[in-house]
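Quick notes on the structure that follows.
Quick note on labels: first sequence line is chain A, next is B, and so on, each numbered from 1.
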Protein chains: 2
Amino acid sequence: MNQESDAERSSTQPAPRGRSTRQKRAVWAALSALEDFISAQDLHRLLSERGEQVSLATVYRILQAHQEEGSVDVLRPDDGEAVYRLCERQEHHHHLVCRSCGLTVEFAAPDIEAWAAQFAAEHGFTEQHHTLEVFGLCADCSA
Amino acid sequence: MNQESDAERSSTQPAPRGRSTRQKRAVWAALSALEDFISAQDLHRLLSERGEQVSLATVYRILQAHQEEGSVDVLRPDDGEAVYRLCERQEHHHHLVCRSCGLTVEFAAPDIEAWAAQFAAEHGFTEQHHTLEVFGLCADCSA
DNA sequence: CTGCATGCAAAAACTTTGCATCGCA
DNA sequence: TGCGATGCAAAGTTTTTGCATGCAG
């Protein structure tokens, strides 16, 4: 799967405005247990298999709320399904993903962050953000 | 720093596979005349207004074909509509996109290319490729 | 002629929304 | 108890697909 699951995420408050409900806790718990991105549909499926009853509409509503408050990142792959991932903080990090087995390495790239910020600024852009994902075949799958 | 279009792309054939049809030529011509990204829906609307009769399904089919052969870039903004644009360079390149007005700056980032390749290699990954898109508000939209 | 490409419309896939009900606070 | 949260299903969007017909080669 992956290499470094960390603890201490449960300490982070979901910080959602509004009430604490079973559904919100279930979604948050599921996201916390995941290292990688997951689509709303898959998350709903995962919860169902686990016995957590949360309607698909609610999964969307909760994810949308998190997105608006910035506690999750949203990525839109080319296949049409938006995927969500817990945003541990404002730090930015990226992924190196094996497109065969899914092995994922998370990494930070300060140089690139800085470069992107400067490049955007040079062109008069503000409120810059960016996405960087690296794909390939991992050592095992390359063999 | 660079975003200029280079020559040497006229050699690329619009639609290598399949027959040359009025619809394919119309789509290709429309794309060629555009500087920025356009969605399939908007492209269809544009063609219709111009009097070019091309069904929406066919626009999708043609764009999909171009996408597969790499002659157009596809971007998926967060609002759910995929946007397409002629790929000016077959080389790897990225985009700086204004998320308000859509102004796009195409750029190459050799340093990042090299960094990504090396990073992937260090982790045993092969056949590396990556995506990097920078978003923000352009000077005009920032005002 | 032959068969790929197109048009049309229905279907699919994903996400949002209206409304009645439920359950935190 | 009150009002936000949820469930359900229907609506909305964007994109794909089945099938008969049309046109390029």
The criterion is side chain to side chain contact (heavy atoms under 4.5 Å, CB included); which residues satisfy it with A:Ser48, sequence neighbours excluded?
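Per chain and number, A:Ser48 pairs via side chain to side chain contact (heavy atoms under 4.5 Å, CB included) with A:His44.
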
Sequence-distant partners of [X], side chain to side chain donor-acceptor pair (under 3.5 Å), two or more places apart:
| X | result |
| --- | --- |
| A:His94 | A:Glu113 |
| A:Thr131 | none |
| A:Arg50 | none |

Respond yes when some side-chain nitrogen or oxygen of [X] is under 4.0 Å from OP1 or OP2 of [N], and no when none is.
| X | N | answer |
| --- | --- | --- |
| B:Gln53 | C:dG7 | no |
| B:Gln23 | C:dG7 | yes |
| B:Arg76 | C:dC14 | no |

Could you tell me whether the side chains of B:Glu68 and B:Gln64 share a donor-acceptor contact shorter than 3.5 Å?
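Their side chains do not contain a donor-acceptor pair, so the 3.5 Å distance test is not met.
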
B:Glu69 and B:Ser71: side-chain donor and acceptor closer than 3.5 Å?
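Their side chains do contain a donor-acceptor pair, which is all the 3.5 Å distance test asks for.
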
Sugar-phosphate only, base, or nothing, as touched by A:Ser20 at under 4.0 Å among non-hydrogen atoms:
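Answer is sugar-phosphate: A:Ser20 comes under 4.0 Å of backbone atoms only.
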
Just checking B:Arg22: base, sugar-phosphate only, or nothing, at a heavy-atom cut-off of under 4.0 Å?
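B:Arg22: backbone/sugar contact only, no base atoms under 4.0 Å.
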
Heavy-atom contacts under 4.0 Å between residues 40-51 of chain A and DNA chain C, which residues?
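When residues 40-51 of chain A is checked for heavy atoms under 4.0 Å from DNA chain C, the hits, listed by number, are A:Gln41.
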
Quick check: on DNA chain D, is the nucleotide nearest B:Tyr84 upstream (toward 5') of the one nearest A:Ser55, or the reverse? Name the residue that is more 5'.
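By nearest-heavy-atom nucleotide position, the 5'-most residue is A:Ser55.
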
Mapping B:Thr21 and B:Ala82 onto DNA chain D by nearest heavy atom, which one lands closer to the 5' end?
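The 5'-side residue here is B:Ala82.
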
When you measure from the side chain of A:Lys24 to the backbone N and O of A:Arg19, does any donor-acceptor pair fall under 3.5 Å?
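A pair under 3.5 Å: yes.
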
For A:Gln53, does its backbone N or O pair with a side-chain atom of A:Arg22 as donor and acceptor, under 3.5 Å?
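It does hold such a pair.
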
Taking only N/O atoms, report every protein-nucleotides 2-4 of chain C pair under 3.5 Å with atom names and distance.
from	atom 1	to	atom 2	distance (Å)
C:dG3	N2	B:Arg19	NH1	2.4
C:dG3	N2	B:Arg19	NH2	3.4
C:dG3	N3	B:Arg19	NH2	3.4
C:dC4	O2	B:Arg19	NH1	2.8

Dot-bracket assigned to DNA chain D with the 3.5 Å Watson-Crick/G-U criterion, [ ] for crossing and | for other-strand pairs, is |||||||||||||||||||||||||

Which residues share a ring pair (Phe, Tyr, Trp, His ring centres under 6.0 Å) with B:Phe119, sequence neighbours left out
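With neighbours one apart ignored, the set is A:Phe107, B:Trp115, B:His123.
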
With sequence neighbours excluded, residues passing ring pair (Phe, Tyr, Trp, His ring centres under 6.0 Å) with B:Tyr60:
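Per chain and number, B:Tyr60 pairs via ring pair (Phe, Tyr, Trp, His ring centres under 6.0 Å) with no residue.
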
Hey, could you give me each pair passing salt bridge (Lys or Arg N to Asp or Glu O under 4.0 Å) that has a residue in residues 37-46 of chain B? Not counting sequence neighbours.
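Sorted result for residues 37-46 of chain B: B:Asp42-B:Arg45.
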
Nucleotide range of DNA chain D lying under 4.0 Å from chain A heavy atoms
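Reading along DNA chain D, I get D:dG2 to D:dA9.
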
In terms of side-chain heavy atoms of A:Tyr60, which of C:dT17, C:dC14, C:dG7 is nearest?
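Among the listed nucleotides, the one closest to the side chain of A:Tyr60 is C:dC14.
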
State, with a plain yes or no, whether a side-chain heavy atom of B:Leu86 is found less than 4.5 Å away from one of B:Trp28.
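The answer is yes, as the side chains (C-beta and beyond) meet within the 4.5 Å cut-off.
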
A:Glu52: partners by salt bridge (charged side-chain N to carboxylate O under 4.0 Å, His left out), with sequence neighbours left out:
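Expected list: none.
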
When the ring centroid of B:His95 is compared with that of B:Phe37, is the distance short of 6.0 Å?
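So the answer is yes for these two rings.
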
How many whole angstroms separate atom CG of A:Leu56 from atom C1' of C:dT17?
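One finds 13 Å between C1' of C:dT17 and CG of A:Leu56, rounded.
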
